[in-house]
There are 2 protein chains.
Amino acid sequence: MKIKEVSEKFDIPADTLRYWEREGAIPPVTRNAAGYRDYDEEDLDWISFAKCMREAGVSIEYLIEYLTLFKQGDVTLQARKDLLHEQLATIAQRLDEIQHTYDLIKEKADHYEAYVEGYHGKLAN
Amino acid sequence: MKIKEVSEKFDIPADTLRYWEREGAIPPVTRNAAGYRDYDEEDLDWISFAKCMREAGVSIEYLIEYLTLFKQGDVTLQARKDLLHEQLATIAQRLDEIQHTYDLIKEKADHYEAYVEGYHGKLAN
DNA sequence: ATAAACCTTGGAGTCGACTCAAAGGCAAGT
DNA sequence: ACTTGCCTTTGAGTCGACTCCAAGGTTTAT
């Protein structure tokens, strides 16, 4: 699968796919004879993983760290597990924050809905 | 309340508080005789609002837009309501994405937990 | 066989959101 | 009065994550 197809499949710019690879957030992609990237199943799995993580706000640096461990093989299983749990905790916290903001805005929007005026002050606390 | 106290209360750098104000993401803060910022209740409400929104990933530009409408008074009630609903939709989507990633990482972490080896490939799809 | 549409790399540019530094004013303690 | 610490503004610097460009190689369609 060439980069453009992957780009369309995942809705990620080709430049970004190259950038992730260059930075080491995903492993080097398989190449064809001409030196073109030819993504196989495993490459796509990594893209999928990276996309998910990025959408959840996980940094590139974090992905690099994970991949670095991954490349070192089974000896880093525990370290990778720890890294994932750490990330889980961060994401759970982010979820809470966003949920909280959602509720707040929902309430505020409902005030507007009810067409009551001057309701800014009520939002914050 | 002076800027340092507010900074500590909300755990937001003073520089960031000034930045938000400079950009128009929050209204101009009340000043004392010496020209020092002296945050009152309403100022704090706006900080609280901005902090929430930023944590949920809402851009500064969006806050500026909202405040701009707010300053124009009741004639913009409908527009503000629309803006909030738009933002609600975005945040709801973000919540879903993050929830999805959370589940995925949880699953992956559980694989590690079970100490099964070589489980990267299973994650993505 | 030639143009259009891909692909490659390296490196520079952009953008949002801070973050810091410099130069100076004010305030509280000794 | 002096030091320490907080405050002000303006303007520049940083950082993460892209995003774009140039120069050139490849593939596909006509």
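- Across all their heavy atoms, B:Asp38 and B:Met1 have their closest contact at OD1-N, 2.6 Å.
- Summarising the geometry, the separation between CD on A:Glu23 and P on D:dC18 is reported as 10 Å, rounded to the nearest angstrom.
- Shown here are the side chain to side chain donor-acceptor pair (under 3.5 Å) partners of B:Asp96, two or more places apart in sequence or in another chain: there are none.
- By the salt bridge (charged side-chain N to carboxylate O under 4.0 Å, His left out) test, B:Lys2 is found to be paired with no residue, residues two or more places apart in sequence or in another chain being considered.
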Would you mind building the protein contact string for nucleotides 19-30 of chain D? One character per nucleotide, 5' to 3', B for base within reach (heavy atoms under 4.0 Å), S for sugar-phosphate only, - for untouched. BB----BBS---

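- Bracketed by its first and final contacts, the part of DNA chain C lying under 4.0 Å from non-hydrogen atoms of chain A reaches from C:dC6 to C:dT9 in 5' to 3' order.
- Scored by the side chain to side chain donor-acceptor pair (under 3.5 Å) test, B:Lys4 finds no partners at all (sequence neighbours excluded).
- Residues passing the salt bridge (charged side-chain N to carboxylate O under 4.0 Å, His left out) test with B:Glu86, sequence neighbours excluded: none.
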Just distance, no hydrogens or angles: give the donor-acceptor pairs under 3.5 Å from side chains in residues 97-104 of chain B, sequence neighbours left out.
residue, atom, partner, partner atom, Å
B:Gln99, NE2, B:Asp103, OD1, 3.3
B:Thr101, OG1, A:Cys52, O, 3.0
B:Thr101, OG1, B:Glu97, O, 3.2

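- Sorted by first then second residue, the side chain to side chain donor-acceptor pair (under 3.5 Å) pairs that include residues 9-21 of chain A, not counting sequence neighbours, are A:Asp15-A:Arg18, A:Glu21-A:Arg37.
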Under 3.5 Å, side-chain donor or acceptor atoms of residues 25-33 of chain A against the rest of the protein: list the pairs with distances, not counting sequence neighbours.
residue, atom, partner, partner atom, Å
A:Thr30, OG1, A:Asp40, OD2, 3.3
A:Thr30, OG1, A:Asp43, OD2, 2.8
A:Arg31, NH1, A:Gly35, O, 2.9
A:Asn32, OD1, A:Ala34, N, 2.9
A:Asn32, OD1, A:Gly35, N, 3.2
A:Asn32, OD1, A:Tyr36, N, 3.0

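- Between B:Arg18 atom CZ and D:dA12 atom P the separation is 18 Å, expressed in whole Å.
- Residue order along DNA chain D, read from the 5' end via each residue's closest nucleotide, puts B:Arg37 first among B:Arg37 and A:Trp20.
- Scanning for salt bridge (charged side-chain N to carboxylate O under 4.0 Å, His left out) contacts around A:Glu65 gives an empty result, with sequence neighbours left out.
- Across every non-hydrogen atom of A:Tyr39 and A:Leu44, the tightest pair is CB-CD2, 3.8 Å.
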I'd like a list of close polar pairs between nucleotides 1-3 of chain D and the protein, N/O only, cut-off under 3.5 Å.
none

